[in-house]
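Side chains are part of it too, since the values below use all heavy atoms of this structure and drop only hydrogens, waters and symmetry mates. Chain letters run A, B, ... following the sequence lines, proteins first and then strands; every chain starts at 1.
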Amino acid sequence: MSRETLNLHIQEIKNELLVISDLVEKATIQSIESLKNRDSEAARKIYLADQVINSKRYEVENSVLIQIATQQPLAHDLRLLAAMLEIASELERMGDYAKGICKVTLNLGNVDIPIPIKEFEKMGQLTVEMLHEALDNFLNEDVPNARLLPQKDDQVDTIFKKVEHSIVHMMVTQPEMIDHSNLLLWVAHNIERMADRVTNICERTIFVVTGELVELESKPKKLIG
Amino acid sequence: MADTSIPNNNYAIETENLDIFYGNFRAVKEVNLKIEPQKITAIIGPSGCGKSTVLRAFNRMNDFIPGAYVKGSILFHGQNIYSTNVDPVQVRKRIGMVFQKPNPFPKSIYDNIAWGAKINHYPGSVADLVEESLIKAALWDEVKDDLQGSALGLSSGQQQRLCIARTLAVQPEIILMDEPCSALDPTATLKIEDLMRDLAVSYTIIIVTHNMQQAGRASDYTAFFTMDTDRAGKMVEYGLTEQIFTRPQHKETEDYISGRFG
């Protein structure tokens, strides 16, 4: 096996993950912005741009498979490639959640309904920060910080619960708004799920370095290794 | 050998502080290795790390090298095969070896297998033994109509399976394989690996290989050897193959299997 060739290709795939992550971060912020501004045109653009994220994910998948087939990586290299496959899939799903928010923008149109936009923006901001840090930790193989980062998810969860409560309250007090309130619940749900997927990226960082598959929740749980 | 019918431990072979010398040079040092029975154990490591030396010590093949001797012990059914009361010929009957290059005798296919049985005064039907050995070595279907044909007319892959059949005919418990596929093409290599898997139901197999993918594909356990600063080979890590290849515990193992040295 040629180390130089393998190292070069691994670096290329890492770079590609960074590009996808950047696209996802932008899509997340912009999708919430489109909701805030009730901007259907922007929402449509972000919706369509998700195809770029999807195709880049498949490019990463293809590159990883080529490296496994041609370079026969083992141990750390193999774990790294497997983790990158997984992370590409997580990022692609995060892109889908942003796309889902754009769909809500399009469906809501100019319907008169109070949107907890400050909360959505805060959740989105936290999620994007988490994603950024998670990718940094992954690339630097920073296990201590990868273990700590999911704690930020608790902040997202707290806001989510508050928003959920207020939307459900709106559903009860203004039943005529149920359909549209439900759309807002989906927005909250999508951002909350994005943050969960960042946690999955942190788990992969730990896997690459230690070979252990742990589930990062309030109490880390060892699955294998 | 002394009575070996009742094993006093669960291992096929167990080494205790094994050192192997060629004259003054200590080629291998302090190897403590427990080989699981009816499993395939791969020994991997860079050139010169002593893996073939260890393999050859397991059936006293090193006895043929002037000045070679061992310290420590190699236990087979609880008995040190290097004890003075042990007959090396008996050891080699029970611990057979297949070599890097197929080395059939320049005789017929049948005679290659029957040879061991004849000199050992095999009490049963030699023809049956030949057939049984060739079936076990997955060669029977290809040669059954030409048993009197020359073994040298077979392809390399077939010759290597013939050598395995010849080893099986002596009815060993352990089969040592020293780079058995290095002279074979990928198809013949996979046939040997499939055969090893079938044979491991009844036999213990220890294989030395330079081919990391082969060790990964074909073995249950892997022992990684490397050369120490005094040039003596040492065992760095030993464990389940799936663990060694995905989560090795030692940096030296990681570096070697990842192609960083060796």
Q) Quick one: NE2 on A:H76 to CZ on B:R247, what's the gap to the nearest 0.5 Å? A) 14.5 Å
Q: Using a cut-off of 6.0 Å, state whether more than 12 heavy atoms not belonging to B:W140 lie near its atom CH2.
A: yes
Q: Go through the structure and list residues passing side chain to side chain donor-acceptor pair (under 3.5 Å) with B:N112, not counting sequence neighbours.
A: B:R166
(Q) Nearest 0.5 angstrom please: A:D77 CG to B:I257 CD1, how far? (A) 9.0 Å
Q. Can you tell me how far CG of A:L74 sits from OG1 of B:T246, rounded to the nearest 0.5 angstrom?
A. 9.0 Å
Q) In this structure, are over 12 heavy atoms from other groups packed under 6.0 Å from B:H250 atom NE2? A) yes
Q. Is the NZ atom of A:K14 crowded by more than 12 outside heavy atoms at less than 6.0 Å?
A. yes
